[in-house]
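Notes follow the structure.
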Amino acid sequence: MSKYLLKRLVLSVVTVWAVITITFALMHSIPGDPFKSESKMPPQVYQNLLSQYGLDKPVTEQYVIYLGNLLQGDLGASMKSRVETVNDMVERGFPVSAQLGAQALLIAIVFGPALGSLAALYQNKFPDYLSMIIAIIGISVPSFIMGTVLIQFVARNVGFFPIGGWGTWQHSLLPSFALALMPLATMARLMRSSMLEVLGQDYIKTAKSKGIKKSAVILKHAVRNAILPVISILGTTISNLLVGSFVIEKIFGIPGLGRFFVQSISNRDYTLIMGTTIFYAIILIIMLFIVDVAYMFIDPRIKLVKEGR
Amino acid sequence: MEKILEIKNLAVSFKTFFGEVEAVRNISFDVGKKETVAVVGESGCGKSVTANSVMQLLPMPPAFFKTGEIIFKGEDLLKKSENEMQKIRGNHIGMIFQDPMTSLNPTMKVGSQIVEGLVKHQKVSREEAKKKAIEMLKLVSVPQPEKRIDQYPHEFSGGMRQRVMIALAMISNPDLLIADEPTTALDVTVQAQILDLMKELQDKLDMSIILITHDLGVVADMSDRVVVMYAGQIVEQGLTEEIFDNTSHPYTKKLLASVPRLDMKRDETLVSIEGTPPDLYIPPKGCAFYDRCDFAMKVCKDNMPEFTHHSQTHASRCWLSHPMAKGVKGSEK
Ligand SMILES: Nc1ncnc2c1ncn2[C@@H]1O[C@H](COP(=O)(O)OP(=O)(O)O)[C@@H](O)[C@H]1O
Ligand code: SF4
Ligand SMILES: [Mg+2]
């Protein structure tokens with residue numbers, strides 16, 4: 001098993017490096033540079049700016065310098081903000097985004113499989129129809145519409161929920177829910193079909209034949225197996241949450257990393273774009289790694305296959 | 001002999017979109033203490049439905065009981081609540097299934113699966129449960145039981161898994177073991193081992209067995225009595241010798257002819273039974289075997305034959321055994 005983990009780790013590092021290189025190459029192949037847009041800049045000032053950010057050096061040299069800085073954890077200086085480095089912005093924005101993402105994930109993981117299980121246990125009855133209506137809404141309504149609807153109809157009418165911004169836990173409820181709905185719905189549907197399949201399996205009958213309680217049959221035998229496919233899409237879910245958070249942060253005016261990222265693109269702030277992209281990539285790869293390892297521990301059959309290699 | 005189980009006039013149907021499937025039609029048989037009763041018949045004739053009726057494991061709906069009683073140790077199981085049945089399942093009646101590859105939970109350690117029922121029924125501690133799991137695996141001859149209890153089903157072969165299933169079903173020392181085609185999915189050599197194991201455990205633990213199979217070959221040295229089912233009915237039942245040596249029903253004769261025997265001559269061919277059992281949506285009014293029977297007579301088509309008793313223990317449901325039909329040999333269809 002440790003051999004597999006090591007292989008997986010090396011692969012992750014290579015992926016991060018590839019993301020860095022591709023981002024770097026893309027940024028430097030876009031025509032123009034961050035300072036061109038500011039018109040009527042004296043040529044001397046323009047040259048000074050370029051050399052201050054090292055943009056006058058050959059591209060290969062810039063690349064090596066950038067990689068070296070990254071290795072020391074330095075994401076570089078922002079090209080637009082005179083007071084904050086990219087590191088400062090990440091440090092400021094990430095905890096906010098992480099809290100939003102974690103809350104949304106928690107909501108999705110708790111309610112998605114629960115809703116799906118309920119639907120399967122009451123197949124073609126009221127709880128099934130209700131869960132699947134929720135799931136269809138969750139899947140077909142994009143989060144930015146859901147966010148707007150929540151602000152318009154919930155936040156504006158119920159004083160308990162602030163309309164936007166960040167600070168108290170009340171601030172985080174609506175955006176977390178808006179962000180969670182899509183993965184929640186996906187998980188509910190997956191869990192429903194997986195649960196229906198498991199409930200028809202022979203080992204469920206074996207479990208019943210032991211005379212154990214119905215709740216034990218459902219929790220220890222059915223849910224425990226039916227949840228495996230849901231766990232296997234957790235990686236995709238997490239990356240969807242990351243992307244979804246850009247939009248949600250913008251709608252709810254949340255000072256998270258996603259907002260910096262969106263801003264950096266409209267501002268042509270190259271170092272900030274690269275910095276946040278690479279940071280996101282690293283976070284995502286770490287998450288996928290954790291999900292993979294967790295899956296190995298939850299499904300005993302996987303472990304053996306990998307060990308056998 | 002003292003009876004442990006008496007099935008009286010049991011009828012079970014399924015409500016489906018296309019209508020009612022009469023899966024089991026008024027069957028009656030009993031099982032004595034320490035006795036092995038084989039229930040044989042082609043696939044689809046209602047054997048599993050009968051077994052699951054005893055355990056009350058049928059999905060309801062669509063299944064429902066039309067008539068009948070299932071008297072286990074003097075009490076009618078059909079009158080019991082789900083809670084009361086839970087105290088009987090896995091405790092007084094154990095069950096093993098056809099496919100050992102799918103009847104164990106793939107994500108649960110084998111030891112925990114074996115003792116789960118015992119922990120519920122007898123409230124034993126973890127330590128005792130573990131000891132008991134090892135003891136049971138030893139009993140069913142799984143090597144290295146101390147190591148094996150912490151493994152998962154995929155680390156076991158088919159035969160070993162069926163041994164685990166037997167250990168699981170017998171852990172509470174049940175009075176009755178229902179084995180629904182326990183060897184059908186196994187290799188021939190492994191089949192014999194599993195049957196031997198069941199017999200050995202039966203002697204040790206004094207239990208009764210209902211052995212369900214579609215293969216009369218496995219019945220001969222296992223069972224005391226045989227119940228032959230066809231299209232949801234019992235068509236013949238009797239002591240094993242009576243069924244083999246004094247076969248009465250044409251269906252049983254065909255079943256016997258389709259069993260490979262060691263004393264068979266090289267050029268003797270195995271006959272498989274032509275045709276298929278009738279649709280149970282609208283079961284035939286007369287003898288269910290009419291379409292496939294070599295001896296069918298006019299009377300068979302629309303008139304249901306009643307049981308004719310050949311001895312205290314042996315009876316069959318066929319017009320040929322009727323006093324008026326004595327001497328009829330061939331088909332007059
Ligand atoms: N869930 C179900 N719904 C409808 N019909 C069923 C169901 N389960 C079994 N049956 C019907 O009951 C009959 C007997 O099935 P079964 O007892 O499983 O046969 P076998 O003798 O092979 O074990 C079959 O004709 C089958 O179609
Ligand atoms: S009753 Fe008639 S059709 Fe049925 S088995 Fe006997 S002879 Fe054949
Ligand atoms: Mg069956």
Side-chain angles (χ1 to χ4, degrees), chain A residues 1 113 117 120-128 191 194-232 234 293-309, chain B residues 48 51-52 54-59 61 82-110 112-122 150-155 161 164-165 168-172 174 177-180 185:
Chain A
M1 186 166 79
S117 304
L121 290 171
Y122 293 92
Q123 194 190 4
N124 296 333
K125 297 207 184 84
F126 178 71
D128 188 14
M191 187 70 185
S194 159
M195 188 78 173
L196 282 177
E197 195 196 315
V198 166
L199 285 173
Q201 296 287 324
D202 289 347
Y203 58 80
I204 296 299
K205 209 157 144 199
T206 306
K208 287 180 185 162
S209 80
K210 296 175 189 175
I212 57 176
K213 286 206 189 70
K214 225 175 175 172
S215 55
V217 174
I218 289 167
L219 291 175
K220 280 171 80 178
H221 295 272
V223 171
R224 177 80 166 69
N225 284 287
I227 203 144
L228 291 177
V230 177
I231 291 172
S232 72
L234 219 50
V293 174
Y295 196 79
M296 280 170 55
F297 279 101
I298 290 167
D299 190 344
R301 286 163 298 186
I302 304 280
K303 224 179 323 192
L304 191 87
V305 174
K306 306 292 187 201
E307 264 172 2
R309 284 196 191 152
Chain B
S48 296
N52 290 325
V54 176
M55 282 296 255
Q56 307 257 318
L57 284 177
L58 289 171
E82 169 62 22
N83 267 340
E84 289 169 325
M85 272 316 292
Q86 280 175 8
K87 297 201 178 83
I88 289 174
R89 281 185 214 126
N91 197 12
H92 300 293
I93 309 178
M95 187 159 181
I96 54 182
F97 302 96
Q98 175 167 347
D99 192 352
M101 302 312 260
T102 56
S103 46
L104 289 169
N105 182 343
T107 58
M108 197 171 177
K109 285 179 181 166
V110 156
S112 318
Q113 299 195 51
I114 292 176
V115 296
E116 197 179 9
L118 186 79
V119 170
K120 153 102 199 292
H121 296 303
Q122 294 176 18
D150 288 324
Q151 292 184 335
Y152 290 93
H154 68 261
E155 296 167 71
R161 283 193 214 188
V164 170
M165 268 307 288
L168 183 157
M170 312 240 298
I171 186 145
S172 299
L177 179 72
I178 302 177
D180 190 352

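On a predicted model such as this, the values are computed, not experimentally measured, just so you know. Here is the naming used below: chain letters follow the sequence lines, and residue numbers restart at 1 for every chain.
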> Got A/Y203 and B/T102 here, is their nearest side-chain heavy-atom distance under 4.5 Å?
Replying inline: no
> Under a 4.5 Å heavy-atom cut-off, does chain A meet the side chain of B/M85, its backbone, both or neither?
Replying inline: neither
>> Suppose we screen for salt bridge (Lys or Arg N to Asp or Glu O under 4.0 Å). Which residues come up paired with B/R161, at least two apart in sequence or across chains?
In response: none
> Does any heavy atom of chain B fall under 4.5 Å from the side chain of A/L228, the backbone, both, or neither of them?
Replying inline: side chain
> If you look at every heavy atom in B/S172 and B/H121, which pair is closest and at what distance?
Replying inline: OG-CD2, 4.2 Å
>> I need the residue from B/P153, B/G90, B/P59, B/S103 with the largest number of non-hydrogen atom pairs under 4.5 Å to chain A.
In response: B/S103
> Which bit of B/L168 comes within less than 4.5 Å of chain A, counting heavy atoms only: side chain, backbone, both or neither?
Replying inline: side chain
>> Could you work out, with salt bridge (Lys or Arg N to Asp or Glu O under 4.0 Å) as the rule, every residue matching A/K220, not counting sequence neighbours?
In response: B/E116
> Can you tell which of B/P106, B/G94, B/A169 has the highest number of heavy-atom pairs within less than 4.5 Å of chain A?
Replying inline: B/P106
> Heavy-atom distance under 4.5 Å between the side chains of B/R89 and B/L57, does that happen here?
Replying inline: yes
>> Counting only non-hydrogen atoms closer than 4.5 Å, does B/N52 touch chain A with its backbone (N, CA, C, O), its side chain (CB onward), both, or neither?
In response: side chain
> Do A/M191 and A/S117 have side chains that get closer than 4.5 Å, going by heavy atoms?
Replying inline: yes
> Checking heavy atoms, do the side chain of B/Q113, its backbone, both or neither come under 4.5 Å from chain A?
Replying inline: both
